[in-house]
There are 2 protein chains.
Amino acid sequence: MKVRKKLSKKNNMEMPILKAAEELFFEKGFSATSTIEIASKAGCNQALVHYYFRTKANLFNKILERKIDLLVSIFHYIDNKELSFTENLTKIIEMHFDAFIKDKKNSIFVMNEIKNNDNILDITREIFQNKVSFLLEKLDAILQEEIKAKRIREISALDLVSTIVSLNIFVFLSYPIVGNVLNINEKGAELIIQQRKKEIVNTILYSLKP
Amino acid sequence: MKVRKKLSKKNNMEMPILKAAEELFFEKGFSATSTIEIASKAGCNQALVHYYFRTKANLFNKILERKIDLLVSIFHYIDNKELSFTENLTKIIEMHFDAFIKDKKNSIFVMNEIKNNDNILDITREIFQNKVSFLLEKLDAILQEEIKAKRIREISALDLVSTIVSLNIFVFLSYPIVGNVLNINEKGAELIIQQRKKEIVNTILYSLKP
DNA sequence: GATTTGTTTAATAATTCTATTAATAACATA
DNA sequence: TATGTTATTAATAGAATTATTAAACAAATC
């Protein structure tokens with residue numbers, strides 16, 4: 001006989017579905033993931049996915065929104081007054097890098113479906129207008145100070161953020177390839193990733209020297 | 001009555017199908033693209049796609065192989081003896097950047113389906129073993145010379161290549177977002193891209209200073 | 001304990017997708 | 001021009017996918 005999980009307003013299948021969907025979307029992308037797979041991974045009936053999120057696209061958007069939000073929020077550590085600019089920057093680069101480690105595939109996920117889903121551009125536009133523009137202004141002010149004091153070369157906040165995101169995201173974009181090509185084990189991969197993290201910090205700090 | 005295109009061994013639908021598939025895969029990824037769409041874009045019957053390539057995955061692999069090959073080949077300009085290392089490096093960065101401009105979406109395409117398609121890892125492994133390892137050795141030798149002469153800081157070929165690819169690829173990964181968010185026209189986008197190209201060259205050259 | 005509300009499942013309609021097959025049209029060549 | 005080969009299409013089988021509905025079930029509330 002079937003064992004049915006306890007259910008209540010707070011202990012239902014909504015979160016398991018969200019989590020299963022997140023993992024599957026990360027691994028395979030939006031189109032390649034079916035709602036029946038999501039349900040099966042979450043441990044529920046396929047109809048339930050639609051009960052909670054109505055459509056697959058809806059579910060995807062919910063997940064995407066939270067992910068982008070998380071990545072953006074990291075950059076706000078830039079104005080910790082207790083540390084120097086270089087120290088803050090180093091921390092942000094490393095935190096951002098580590099966020100990608102945490103779920104190695106979300107970089108693919110985020111970039112993957114940009115062209116696919118009409119709603120994504122709306123979501124990102126909203127997030128950028130609400131949060132990124134504010135962040136860039138803050139960072140620009142800090143950079144201007146540093147530039148004036150001749151501690152770094154002339155550079156815009158957008159360029160600096162682009163560089164950080166570029167370097168970090170690519171590590172995990174290329175992760176499946178690199179791991180496969182170099183034919184290394186878990187430990188070896190971990191080592192390479194940590195070395196790359198150091199090199200990315202180096203690259204960025206060096207590139208800012210006046 | 002229907003006009004039927006001329007057909008011969010050299011003038012058949014194979015290339016149009018390949019081209020249509022390439023564009024659609026770039027735009028929407030593997031799973032989201034159907035063979036009927038490919039056929040419709042190429043201007044032929046859907047069965048013909050299968051006639052030439054048997055399966056959709058086959059078709060995808062053909063395209064992917066050629067793309068990766070193209071991107072890898074650019075790096076071989078590194079040992080042009082008529083120019084300095086810095087000049088060669090600048091050229092490579094710019095050529096690599098421009099290759100992404102040429103079809104703005106292939107970055108998404110290449111990264112997109114890595115986890116999806118079992119054959120991709122085999123393809124990439126082959127390319128890397130055949131071509132990339134050779135290239136990295138060549139570059140490493142050149143870098144060692146430069147390091148010894150104290151013209152650049154200590155850095156590995158893999159790190160340098162990773163940095164170049166990271167910075168360039170991300171411009172086009174984020175292209176749809178940035179274009180949308182900043183709400184700019186074609187000309188404005190072109191300007192931003194060219195500025196970013198300069199900044200990427202700057203970033204890399206600065207980051208190599210001893 | 002009866003009733004209402006919220007959660008889950010089974011069944012299935014409707015659509016779409018890949019791949020196959022059989023038939024036809026165009027071309028090459030003997 | 002007859003004949004074989006290559007290219008192309010129409011039709012469709014078979015599988016998978018999204019979404020909907022009706023009913024069963026559990027928990028909360030009265």
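The sequence lines fix the lettering, A, B, ..., with proteins before strands; numbering per chain opens at 1. Remember, it's a predicted structure, so these values are computed and weren't measured experimentally.
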Any N/O pairs under 3.5 Å between the protein and nucleotides 16-18 of chain C? List them or say none.
from	atom 1	to	atom 2	distance (Å)
C:dT18	OP1	B:K56	NZ	2.9
C:dT18	OP2	B:T35	N	2.9
C:dT18	OP2	B:T35	OG1	3.2

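- Here the P atom of nucleotide C:dA19 and the CD1 atom of B:I38 are 10 Å apart, to the nearest Å.
- A:E14 is linked by a side-chain hydrogen bond (donor to acceptor under 3.5 Å, both in side chains) to nothing, counting only residues two or more places apart in sequence or in another chain.
- Legend: residues meeting side-chain contact (heavy atoms from CB on, under 4.5 Å) with B:Q194, ordered by chain and number and at least two apart, are B:I101, B:E190, B:K197.
- Put simply, B:Y52 has a side-chain N or O that comes within less than 4.0 Å of OP1 or OP2 on D:dT8.
- The shortest distance between the side-chain N/O atoms of A:Y51 and the OP1/OP2 oxygens of C:dT8 is not below 4.0 Å.
- Atom CG of A:N45 is separated from atom C1' of D:dA19 by 12 Å (rounded to the nearest Å).
- Atom CZ of B:F53 and atom P of D:dT8 are 11 Å apart (whole Å).
- The distance from atom CG of B:L48 to atom P of C:dT20 is 15 Å, rounded to the nearest whole Å.
- In this structure A:F75 satisfies the ring-ring contact (aromatic ring centres under 6.0 Å, His included) test together with A:H96, sequence neighbours excluded.
- Pairing each heavy atom of B:T33 with each of B:K56, the nearest pair is O-NZ, 2.7 Å.
- As rounded to whole Å, 12 Å separates atom C1' of C:dG6 from atom CD of A:E14.
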Show the atom names and distances, to 0.1 Å, of all donor-acceptor pairs under 3.5 Å that link a side chain in residues 134-143 of chain A to residues at least two apart or in another chain.
from	atom 1	to	atom 2	distance (Å)
A:K138	NZ	A:D79	OD2	3.4
A:D140	OD1	A:A157	N	3.2

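- Qualifying side-chain hydrogen bond (donor to acceptor under 3.5 Å, both in side chains) partners for A:S156, counting only residues two or more places apart in sequence or in other chains: A:D159.
- Here the C1' atom of nucleotide C:dT9 and the CD1 atom of A:I17 are 12 Å apart, to the nearest Å.
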